[in-house]
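Order of listing sets the numbers, starting from 1, for every ligand and every atom in it. If you're wondering where the values come from, they're calculated on a predicted model, not measured in any experiment. Keep in mind that the numbers below use all heavy atoms, side chains included, and drop hydrogens, waters and symmetry copies. Sequence positions, counted from 1, serve as the residue numbers for this chain.
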Amino acid sequence: MPATLDGQITMEKTPSYFFTAGVPARVAAMSSDVRLLVVVRDPVTRALSDYAQTASKRVSTPAFEGLAFPEGGGGVNASWGAVRLGLYARYLSAWLEHFPLERLLFVSGERLVADPAGEMGRVQDFLDLKRIVTEKHFYFNETKGFPCLKKSEGSGAPHCLGKTKGRVHPELSKESEQRLRDFYRPHNQRFYQMTNQDFGWP
Ligand SMILES: Nc1ncnc2c1ncn2[C@@H]1O[C@H](COP(=O)(O)OS(=O)(=O)O)[C@@H](OP(=O)(O)O)[C@H]1O
């Protein structure tokens, strides 16, 4: 992390911090007053998104359902990363050994899309920042199917995230979706209790 002067905030992000062993202890050792933002989405959608990212890099990736569900039986393959990483409560436990809950803000991935200004308002409050980013900064881009910035910082032109954000997800049969939902439900409930926040995942 670069040196941070008084009055500055240094931000650093990668999704893998959340679930990589040893990271909570390392972050705690680095800074005692760090604030942590965790963006989470419905773990079923997360699994499909994870798969879509892998499949975009390797054409020969087997079908989602073959990887998610072991042959025979009604089980779910929780050792496959795309499934395992949606077990948020498990990974959060490791962070809560090093940080009080108040040091973490859980951002809803769904609300970030449906109401980006509202969710960014929560983020700014959490970081003790003036609410500079508001509704007026966003518009919904029908082609992209996501909110985009009305003006980018560099050119002042509208700016959407790139092609690697908003990929098409694989189709999932109703039965497979239900199987995954049933698998995640108790984990989601535990996560809601730990965060005191109901994300409303079906
Ligand atoms: N405004 C906007 N524009 C485009 N995409 C958006 C936006 N807000 C949230 N998302 C969702 O972000 C998902 C990609 O996040 P990632 O976790 O891959 O990002 S990163 O790894 O931290 O770079 C990406 O997931 P996929 O849809 O599976 O590609 C999007 O659903």
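Of the possible donor and acceptor atoms, one in the side chain of Thr54 sits under 3.5 Å from a partner among the backbone N and O of Asp50. Distance alone, capped at 3.5 Å, places no donor-acceptor pair between the Lys151 side chain and the His137 backbone. In this structure a side-chain-to-backbone donor-acceptor pair under 3.5 Å is present from Ser31 to Val34.
For the pair Leu112 and ligand 1, the shortest N or O to N or O distance does not fall below 3.5 Å. The N/O atoms of Gln53, backbone and side chain alike, include none that comes under 3.5 Å of an N/O atom in ligand 1. Residue-to-ligand polar distances keep Phe146 apart from ligand 1: every N/O pair is separated by 3.5 Å or more.
Residue contacts with ligand 1 do not include Ala52, since none of its heavy atoms lies under 4.0 Å from the ligand.
The heavy-atom pair separating Ser152 from His159 by the smallest distance is CB-CB, 3.6 Å.
Checking atom 12 (O) of ligand 1 against the protein gives no heavy-atom contact under 4.0 Å.
For atom 8 (N) of ligand 1, the choice among Val168, Leu48, Leu161, Val113 with the nearest heavy atom turns out to be Val113. For the residues His159, Arg41, Lys144, Lys165, the heavy atom positioned nearest atom 25 (O) of ligand 1 is part of Arg41.
Near His169, the atoms of ligand 1 lying under 4.0 angstrom from a non-hydrogen atom of the residue are 26 (P), 27 (O), 28 (O). Set against the non-hydrogen atoms of Lys13, the atoms of ligand 1 under 4.0 Å away are 20 (S), 22 (O), 23 (O). Taking a cut-off of under 4.0 Å to the non-hydrogen atoms of Ser49, the atoms of ligand 1 that pass are 25 (O), 26 (P), 28 (O).
If you check which protein heavy atom lies closest to atom 1 (N) of ligand 1, you get Pro147 O, 2.8 Å. Scanning all protein heavy atoms for the shortest distance to atom 27 (O) of ligand 1 gives Gly166 CA, 3.3 Å.
Under 4.0 angstrom from ligand 1, the non-hydrogen atoms of Pro15 all belong to its side chain.
The pair Glu175-Arg179 does not count as a salt bridge, with every side-chain nitrogen at least 4.0 angstrom from each carboxylate oxygen.
Side-chain contact check for Tyr91 and Arg84: at least one donor-acceptor pair (N or O, by modelled atom type) lies under 3.5 Å.
Trp201 and Phe191 have parallel rings, their planes meeting at less than 30° on a 0 to 90° scale where 60° marks the start of perpendicular.
Aromatic rings of Phe140 and Phe146 (six-membered ring for Trp) have centroids beyond the 6.0 Å cut-off, not under it. Aromatic pair Tyr88/Trp95: ring centres not closer than 6.0 Å.
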